[in-house]
Number of protein chains: 2
Amino acid sequence: MVTDQTPVRRGPRGPYAKSRRTRQSILDSALTVFGESGFRSGSLRGVAEQVGMSEAGLLHHFSSKSALLAAVLERRDEQTRAQFGWDDGGGRGALRATVDLVEHTASTPGVVELFCTLSAEATTPSHPAHAWFTERYATTTAFFRAAFEELSARGELREGVEPAAASRAVVALMDGLQIQWLLDRDSVDMAADLRAHLSGLVVGGL
Amino acid sequence: MVTDQTPVRRGPRGPYAKSRRTRQSILDSALTVFGESGFRSGSLRGVAEQVGMSEAGLLHHFSSKSALLAAVLERRDEQTRAQFGWDDGGGRGALRATVDLVEHTASTPGVVELFCTLSAEATTPSHPAHAWFTERYATTTAFFRAAFEELSARGELREGVEPAAASRAVVALMDGLQIQWLLDRDSVDMAADLRAHLSGLVVGGL
DNA sequence: GTCTATAATGCGATAGAC
DNA sequence: GTCTATCGCATTATAGAC
């Protein structure tokens, strides 16, 4: 994947403070634009317009469209990682934290739209974010597999539930629910449906 | 959604036989091109190139890019409907037929890619296929809800499984598995994972 | 750090000849 | 029914002024 140089000094009062603030607002706009139109159809022009600067000005901060996408994805993952305590509470805790995350997710439709559109269009190997998504899915399913294996070892997994298959299913369920939710936000409750699914897998429910 | 006039006489030996054959090959190519790049990024130029004619020639048969997409979607649904006996065997039969369909689906990655990319990008209301997908999801979840309700009435649904939520989950699972399968076809078996999920919902398994 | 200007390409769609 | 030619517009990216 294409990368972009970032200033070494990152503090809000460092020598690149202004530049950093500009980068942030570019990333915000990129999230919106790519979220609405996907990466391929979303245009740098649209991002520049929304952030209130020229395309050339934008390209001073991110050397190419792909570099901008990479930065958006990386920032989003950092934020998510920082926000949730994945490591607390063992397998059951991990599943509960996931439900919380999905619940929180419903407050940022733009982000959901971005990841939804992007993960679909990035299935093609030639897509600039293909490698990123491949690795992300591997990491995520491995995380859930570990959680289910932990539950299984304690005898808290329902009979017949296979950790690897169940982990793929959980990830798939979240992805698929996002589509239905985006199509009709009023009649789909992603967190509730996920919780119901998980409760069916764990002895005694979630 | 934008529509396109089709000749009234549709038989292979009718007066429009040649035109009909041309239309078919255009639809085939469109399926491939839109499948690889999505609708927004796939180009009429690419479709025309693959079918071996000019853009203008293509636009003689389908008056716009959206009209072409509409025709592709409609034809695909016709084919699917014709191929599977959804109405046989009650609720359990419907679920089994779905597993068969998914198994069959794995032999046409291009089609999977098209629907995957398209259903994601069509979540935006301004997309030409938005209405089509909205209705399609409503129909599909209603179908599964009916199947689960039938099973529930016979006491064959596992305790705690709610038909409406379960139907959303089944559709979501299929969509999500498609993404993972497209990313890594060797390590994901969509039909097997779906069967495992469904077996967990029905008393005595599928 | 941001701008204008521009290059080079690709797009969907139309007009009109054959 | 298919073509060539073309319009008008959007796109990513670069060069160079300020």
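Letters go in sequence order (proteins before strands), and every chain restarts at 1.
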Between B:D28 and B:T32, does a side chain to side chain contact (heavy atoms under 4.5 Å, CB included) hold up when you go through it step by step? CA-CA 7 Å; B:D28 287 337; B:T32 305; 5.8 Å; no
Would you mind reading off the distance between B:M53 atom CE and D:dG1 atom C1', rounded to a whole angstrom? 7 Å
For atom CG of B:L59 and atom C1' of C:dG16, their distance in whole Å: 15 Å
Is any side-chain heavy atom of B:L69 closer than 4.5 Å to a side-chain heavy atom of B:W132? no
Listed nucleotide nearest any side-chain atom of B:E55, set D:dA13, C:dA13, D:dG1: C:dA13
Quick one: which residue pairs count as a salt bridge (Lys or Arg N to Asp or Glu O under 4.0 Å) with a foot in residues 56-71 of chain A, not counting sequence neighbours? none
Ring centroids only, cut at 6.0 angstrom: are B:H127 and B:F39 within range, meaning strictly under it? yes
Listed in order of residue number, which residues of residues 38-50 of chain A have a non-hydrogen atom at under 4.0 Å from DNA chain D? A:G42, A:S43, A:L44, A:R45
Between A:R92 and A:L206, is a side chain to side chain contact (heavy atoms under 4.5 Å, CB included) present by the stated rule, with each step listed? CA-CA 7 Å; A:R92 229 187 200 87; A:L206 247 199; 4.1 Å; yes
Just do the side chain to side chain donor-acceptor pair (under 3.5 Å) check on A:R21 and A:Q24 with the steps written out, would you? CA-CA 5 Å; A:R21 251 177 292 129; A:Q24 291 298 333; over 6 Å; no
Ignoring backbone atoms, establish whether A:T22 has a side-chain N or O less than 4.0 Å from OP1 or OP2 of C:dT2. yes
Taking CZ from A:F62 and C1' from C:dG1, how many angstroms apart are they, rounded to a whole number? 14 Å
Counting only side-chain nitrogens and oxygens, does B:S54 get under 4.0 Å of the OP1 or OP2 atom of D:dC3? yes
May I have the distance from A:R21 (atom CZ) to C:dT2 (atom C1'), rounded to whole angstrom? 15 Å
Let me know the distance between NZ of A:K65 and P of C:dT9, rounded to the nearest Å. 19 Å
Distance in Å, B:R40 CZ paired with A:S37 OG, rounded so as to fall on 0.5 Å steps: 5.5 Å
To the nearest Å, give me how far apart NE2 (B:H61) and P (D:dC3) are. 9 Å
Quickly work out the B:H60 NE2 to C:dA13 P distance and round it to whole Å. 16 Å
Atom CD1 of A:I26 and atom P of C:dT2 are separated, to the nearest Å, by 7 Å
